[in-house]
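Everything numeric in this text was worked out from a predicted model, so none of it was measured. Lettering follows sequence order; numbering is per chain, from 1.
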2 protein chains.
Amino acid sequence: MRYKVKELAKISGVSVRTLHWYDEIGLLKPAYIGANGYRYYEQEQLLLLQQILFFRELDFKLDDVQQMITSCDFDKIKTLLAHKSNLQLNQDRMSKLIQTIDKTVVHLKGNKMINEHELYEGFDLAKQKEYEQYLVKHHGTIAEDLIAQCNKRTVSWGSQEWKEIKEEGASILQGLSVYIEKGAGPRDEEVQHLIQQHYKMIGRFYDLTKDIYLSLAQLYCEHPGFRKFFEEHSQQLPEFMAEAMRVYIYKDL
Amino acid sequence: MRYKVKELAKISGVSVRTLHWYDEIGLLKPAYIGANGYRYYEQEQLLLLQQILFFRELDFKLDDVQQMITSCDFDKIKTLLAHKSNLQLNQDRMSKLIQTIDKTVVHLKGNKMINEHELYEGFDLAKQKEYEQYLVKHHGTIAEDLIAQCNKRTVSWGSQEWKEIKEEGASILQGLSVYIEKGAGPRDEEVQHLIQQHYKMIGRFYDLTKDIYLSLAQLYCEHPGFRKFFEEHSQQLPEFMAEAMRVYIYKDL
DNA sequence: CTTGACCCTCACGTAACGTAATTATTTATC
DNA sequence: GATAAATAATTACGTTACGTGAGGGTCAAG
């Protein structure tokens, strides 16, 4: 069995350019080159490529990958452990950065006395009733059960918990609108990560199923109250978010 | 007060080239340019530069830094939170990578049946007595106290704990020798991180002070048994590690 | 007036490809 | 067998945030 570039690219999930590049730097040479100048790869190269991709995924530089695949198991272990400690360093740095961001956000909020009401008015309890009626009208008894469950859970929440969940919600929506401005798509990884947070957050209100989450996506677009709330962050947020939610639900299939 | 490039570079801790670059991309223009073509910065630019460096440290791309310093607090918060979720994504990835590395290491070890004795013989209990006598001879009663403390603590350790600490120790030494091969210096961040791990590990045996740790550095170089053990990883490991240990102790001063 | 420290502007190198542009070859269809 | 579509090749520029010289002016001190 021999593969041409495109074929090997497809089964290994890399681009043709990557194979060209790996050839150029001597990381993965073709088994042989035809009289037409074409690169032909064999089973052996496929296996080697998989090794390469494995180490690449671990954030090794290609130079180091080169070393790895040619070194013995003992040296591999040494290098892996050294690399691990590097990753841990990075992790520590991330933690510190996140802390710094949190502090900065608090500082900025305190500085400008951002009006909580303005930021979070979507959680207004008065509007809650309206939403519930809408839900019942459009989704029947299932919605009633959810509302009951939601009420049962939230009565025990203190103002601290409400504040947390409000902040988290606002953070998610703000994040999404930033990505919209940047021209990101609903299936981009960063967006999906935010949607995952959203999914988990909603799960604190009631037991969430895929169907219910899809209904929510619909609700956010259709219900004027929700629409307005979302549109305050970004004009395209309702559709964008609904699409991202659908992607999130269907992506595992 | 006006600064020329080198002066601003020194007080802000960046390179001259960086200032040139920031000028070129319009991120930080000089206050004015002299007839000689020199860049002159004022207090205002210094403050701006500090802002820039703050966001740069948070791993923002310079494009985004540009946005940040020109946007209002509200938008800053949005962007910061979006960035935070990015960092969290990265953190998650790191965790997974580290797990994968651990699994791979276990797999490689199992595969090649690496001889534990060969890897960890430095922890041989028989040799322990020899070390202790050497310590007492060269460091007197302080060493005796340490040995007593060490014995008191370690009697309660099970084989699991011994194994853990052996693995950690081996991992550190292997990591160090990899860096030596790469031509790293004793004060490099990665090396210092490993030394920190080493410091903490030793701290599990007895209460560690700076003086004692410095004595250890000496011991590793002088005592033939230790030397031999370290030299099995790398010929230069004893001196390299001792120097790194001294750097670690003195770096806070 | 020289010397050294400093300034300037190119301009190439980095890592790992992405993205054309242009040309040649194979494959599929008629 | 001719033509078109797909795929191959090479070449080369773009990306990030600078590092590192090269070659050549400017300024303060001795």
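Toward the 5' end of DNA chain C, the nearer of the two residues A:N36 and A:I25, judged by each one's closest nucleotide, is A:I25. Judged by closest nucleotide on DNA chain D, A:V5 is the one of A:V5 and B:Y40 placed further toward the 5' end.
Of the residues in residues 178-192 of chain B, none lies under 4.0 Å from DNA chain D by heavy-atom distance. At a non-hydrogen distance threshold of 4.0 Å, nothing from residues 42-61 of chain A comes into contact with DNA chain D. Contacts between residues 12-22 of chain B and DNA chain D, defined by a heavy-atom separation below 4.0 Å, involve B:S15, B:R17, B:T18, B:W21, B:Y22, listed by number.
Every pair passing side chain to side chain donor-acceptor pair (under 3.5 Å) that includes a residue from residues 43-54 of chain B is listed here, sequence neighbours excluded: B:Y3-B:Q43.
Shown here are the ring-ring contact (aromatic ring centres under 6.0 Å, His included) partners of B:H193, two or more places apart in sequence or in another chain: there are none. Applying the ring-ring contact (aromatic ring centres under 6.0 Å, His included) criterion to B:Y22, with sequence neighbours excluded, gives no partner residue. Shown here are the ring-ring contact (aromatic ring centres under 6.0 Å, His included) partners of A:F54, two or more places apart in sequence or in another chain: there are none. A:Y41 is linked by a ring-ring contact (aromatic ring centres under 6.0 Å, His included) to nothing, counting only residues two or more places apart in sequence or in another chain. Scanning for side chain to side chain contact (heavy atoms under 4.5 Å, CB included) contacts around A:R93 gives A:N90, A:L97, B:D59, with sequence neighbours left out.
Chain B approaches DNA chain D over the interval D:dA17 to D:dC27, counting the first and last nucleotide 5' to 3' with an atom under 4.0 Å from its heavy atoms. For DNA chain C, the span of nucleotides reached by chain B at under 4.0 Å from its heavy atoms goes, 5' to 3', from C:dC6 to C:dA11.
Taking the charged nitrogens against the carboxylate oxygens, B:E181 and A:K78 do have a contact shorter than 4.0 Å, which makes a salt bridge. Between A:D63 and B:K182 there is no salt bridge, since no side-chain N of the basic residue sits under 4.0 Å from a carboxylate O of the acidic one. A salt bridge links B:R246 to B:E243: at least one charged side-chain nitrogen sits closer than 4.0 Å to a carboxylate oxygen.
Of the N and O atoms on the side chains of B:S85 and A:E190, not one donor lies less than 3.5 Å from an acceptor on the other residue.
Between the side chain of A:D92 and the backbone N or O of A:L89, no donor-acceptor pair lies under 3.5 Å.
The aromatic rings of B:Y213 and B:H198 sit tilted relative to each other, their planes meeting at an angle between 30° and 60°. Ring geometry, A:F60 versus A:H83: the interplanar angle falls under 30°, so the pair is classed parallel (tilted spans 30 to 60°).
Shown here is B:K29, whose NZ atom has more than 12 heavy atoms of other residues, nucleotides or ligands within 6.0 Å.
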Contacts under 3.5 angstrom, residues 32-40 of chain B side chains, donor-acceptor by atom type, not counting sequence neighbours:
residue, atom, partner, partner atom, Å
B:Y32, OH, B:R2, NH1, 3.3
B:N36, OD1, B:Y38, N, 2.9
B:R39, NE, B:D23, OD2, 2.7
B:R39, NH1, B:H20, NE2, 3.2

